[in-house]
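What you see is a predicted model, and the numbers here were worked out from it, not measured in a lab. Just follow the structure's listing: the first ligand is 1, and inside any ligand the first atom is 1.
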Amino acid sequence: MKTGNFKELEQIIQGFAIKGQLCGLEPFKSGHINQTYRSVWREDGVEKRFIHQRINHDVFRDVELLMANIALVTEHLAKAFAQGKGEPGERTLQLVPTRSRGSFLHDAQHGYWRTYVFVEGMENFDVCPDSVHAFQAARALGRFVALLRDIDIARIKEPILRFQDSRYRYEDFDAAIKQNKAGRIASVREEIDFAETQRVLACTLIDSLRAGKIPLRLTHADPKFNNVLFDSATKQAACIVDLDTCMPGTILYDFGDLVRSTAVPAAEDERDLSKVHMSMEYFEALVKGYLEATYTFVTREEVELFAIAPRALAITLGVRFLTDYLNGDTYFRVHREGHNLDRARAQFQIARSMSAQESKMRELVQRYGRGKS
Ligand code: GN1
Ligand code: MG
């Protein structure tokens, strides 16, 4: 379906069990993968808003499994909050079933669709505004993992196979270099060489997990800063969104992704690399916030990896962007020529900045991880 074909879109969303009259529909800010819309419904003079997403089926091959994961996670959080385990203002996403009580709609022409209740009164940011927000986001992500610790992890399946596996990401990268599908390889020799020097470090997390040095836990796996919603009135981080990648993995992946997206006060696709560096003030706030929520259960081996996980994530994501650039931009949505290359360069710059500050990062991790590292 073409974006903007609202007649068809209206028909699709009428298939969800929402009461009242549909009275507004608009595209809503999306990530790099799915397409998102927001609708307004009126019932007895009261307006309610909803989020509708077309799930990218090229990326999420098993939508049934994906939606079963999300239902489990959101219901578990709702139950925890109902039992008083939440904090004031803490929220969870809530799925809206279809009129036939399914969790998504599918037809051959329009693809796969799901609906959430829109979480009112929230704001989010592409670039973290200050270290207070960084602390809040990290604490909220830590709480997310803490609250989900008693889910039977065997019930949550990987929606994208080997998603957190940097060895696999590098294999994909090697194949993209070999195939040179888009004929772009000559322009990215420098980036390819840099990625090569970082291979061992980038694979540290997955190697530690495979070797049993760190535990398998339920993770969010896409906790970039704009996936944390802040209550506009209280300024508290109140809700973690984008639950597509919830899966068994390592919380170092989560922590690393949060740091690489939060501690850098620049856009993810910033072209002026002189603006791309990691702020130690933000990093400190992130370590503090994450440990405040997870200190009772993280292991010493996990804490020891806090200082290098962010770099491993920046490199792995840079390699993913560069792979997509070499393949002709088939995975991440692009908005300009060379967009994935710009994104890759920015991630590699983040990795360099982290590398230059590694000893200070270790010092802070040791300070806040008292007794754990
Ligand atoms: C994608 O969908 P979105 O934009 O939240 C990607 C993440 C990357 C992120 C980088 C399923 O997330 O892994 O870290 O872009 N999601 C998937 O911005 O690949
Ligand atoms: Mg996503």
Side-chain angles (χ1 to χ4, degrees), residues 27-37 51 53-63 65-67 69-70 73 93 112 114 116 124-128 137 141 144 156-166 168-170 172-173 202 205-206 219-229 239-247 249-250 252-264 266-270 276 309-325 327 329-336 339-351:
F28 193 71
K29 204 179 120 184
S30 305
H32 300 328
I33 310 287
N34 298 320
Q35 267 171 29
T36 307
Y37 299 84
I51 287 290
Q53 286 186 308
R54 184 185 183 178
I55 300 163
N56 184 330
H57 186 234
D58 292 330
V59 170
F60 297 104
R61 302 302 301 167
D62 189 341
V63 177
L65 176 154
L66 169 77
M67 295 309 294
N69 280 354
I70 295 179
V73 166
L93 281 179
Y112 293 84
R114 68 169 167 229
Y116 288 113
N124 67 343
F125 310 84
D126 288 333
V127 179
C128 179
L141 180 66
F144 179 86
I156 307 277
K157 311 277 189 238
E158 269 189 328
I160 301 175
L161 290 181
R162 303 182 72 183
F163 188 77
Q164 300 186 16
D165 183 343
S166 300
Y168 170 66
R169 299 301 190 180
Y170 265 93
D172 244 19
F173 178 53
L205 305 184
I206 191 69
T219 63
H220 180 283
D222 188 8
K224 58 180 171 183
F225 186 68
N226 62 11
N227 280 334
V228 181
L229 305 187
C239 187
I240 308 270
V241 299
D242 194 352
L243 306 176
D244 288 328
T245 48
C246 281
M247 63 174 78
T250 163
L252 274 321
Y253 187 98
D254 274 4
F255 180 72
D257 196 53
L258 183 74
V259 174
R260 67 113 203 127
S261 64
T262 308
V264 180
E268 193 177 74
D269 57 2
E270 178 59 61
V276 178
R311 178 145 64 107
L313 261 290
I315 296 159
T316 301
L317 182 58
V319 164
R320 291 175 63 198
F321 284 143
L322 190 54
T323 302
D324 200 28
Y325 180 72
N327 287 339
D329 309 314
T330 57
Y331 186 92
F332 296 102
R333 192 179 298 130
V334 290
H335 305 286
R336 63 180 188 236
H339 207 168
N340 274 319
L341 178 57
D342 294 340
R343 290 169 174 153
R345 285 182 173 146
Q347 291 305 314
F348 290 163
Q349 184 62 26
I350 293 171

Original post:
Should we count OH of Tyr331 as having more than 12 external heavy atoms under 6.0 Å?
Top reply: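 Yes.
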Original post:
Looking at CG of Leu322 and CG of Leu341, how far apart are the two atoms once the value is rounded to the nearest 0.5 Å?
Top reply: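 Here the interatomic distance stands at 7.0 Å.
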**OP:** Any chance you could measure Gln53, atom CD, to Arg114, atom CZ, to the nearest 0.5 Å?
**Re:**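 The distance works out to 4.5 Å.
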Subject >> N or O contact, Asp242 vs ligand 1, cut-off under 3.5 Å >> reply: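 There is such a contact, yes.
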Original post:
Mind checking whether Tyr253 has an N or O less than 3.5 Å away from an N or O of ligand 1?
Top reply: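 Among all N and O atoms of Tyr253, none is under 3.5 Å from an N or O of ligand 1.
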Original post:
Are side-chain N/O atoms of His339 and Asp329 paired as donor and acceptor at under 3.5 Å?
Top reply: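 There is no such pair between these side chains.
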Original post:
Between Asn226 and Asp126, do the side chains contain an N or O donor and an N or O acceptor separated by less than 3.5 Å?
Top reply: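 Yes, because at least one side-chain N or O of Asn226 sits under 3.5 Å from a partner of the opposite role on Asp126.
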Subject >> Distance under 6.0 Å and angle within 45° of ring axis: Arg320 vs Tyr325 >> reply: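 No.
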**OP:** Consider ligand 1: state whether an atom of it lies below 4.0 angstrom from any non-hydrogen atom of Asp222.
**Re:**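 Yes; Asp222 lies near enough to ligand 1 that a heavy-atom distance drops under 4.0 Å.
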**OP:** Could you tell me if any non-hydrogen atom of Arg343 lies under 4.0 Å from any atom of ligand 1?
**Re:**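 No, Arg343 has no heavy atom closer than 4.0 Å to ligand 1.
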**OP:** May I ask you to identify, for Asn34, whether its side chain, its backbone, both or neither come under 4.0 Å of ligand 1 on a heavy-atom basis?
**Re:**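 Asn34 to ligand 1: no contact under 4.0 Å from either part.
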With atoms numbered from 1 as shown, which atoms in ligand 1 lie under 4.0 angstrom from a non-hydrogen atom of [X]?
X: Arg260; result: 10 (C), 14 (O)
X: Gly31; result: 4 (O)
X: Lys224; result: 3 (P), 4 (O), 5 (O), 9 (C), 10 (C), 12 (O), 15 (O), 18 (O)
X: Tyr331; result: 11 (C), 17 (C), 19 (O)
X: Phe60; result: 11 (C)

Original post:
Any idea how His32 and Phe321 line up, ring-wise: parallel (<30°), tilted (30 to 60°), or perpendicular (>60°)?
Top reply: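 The arrangement is perpendicular - the two ring planes meet at more than 60°.
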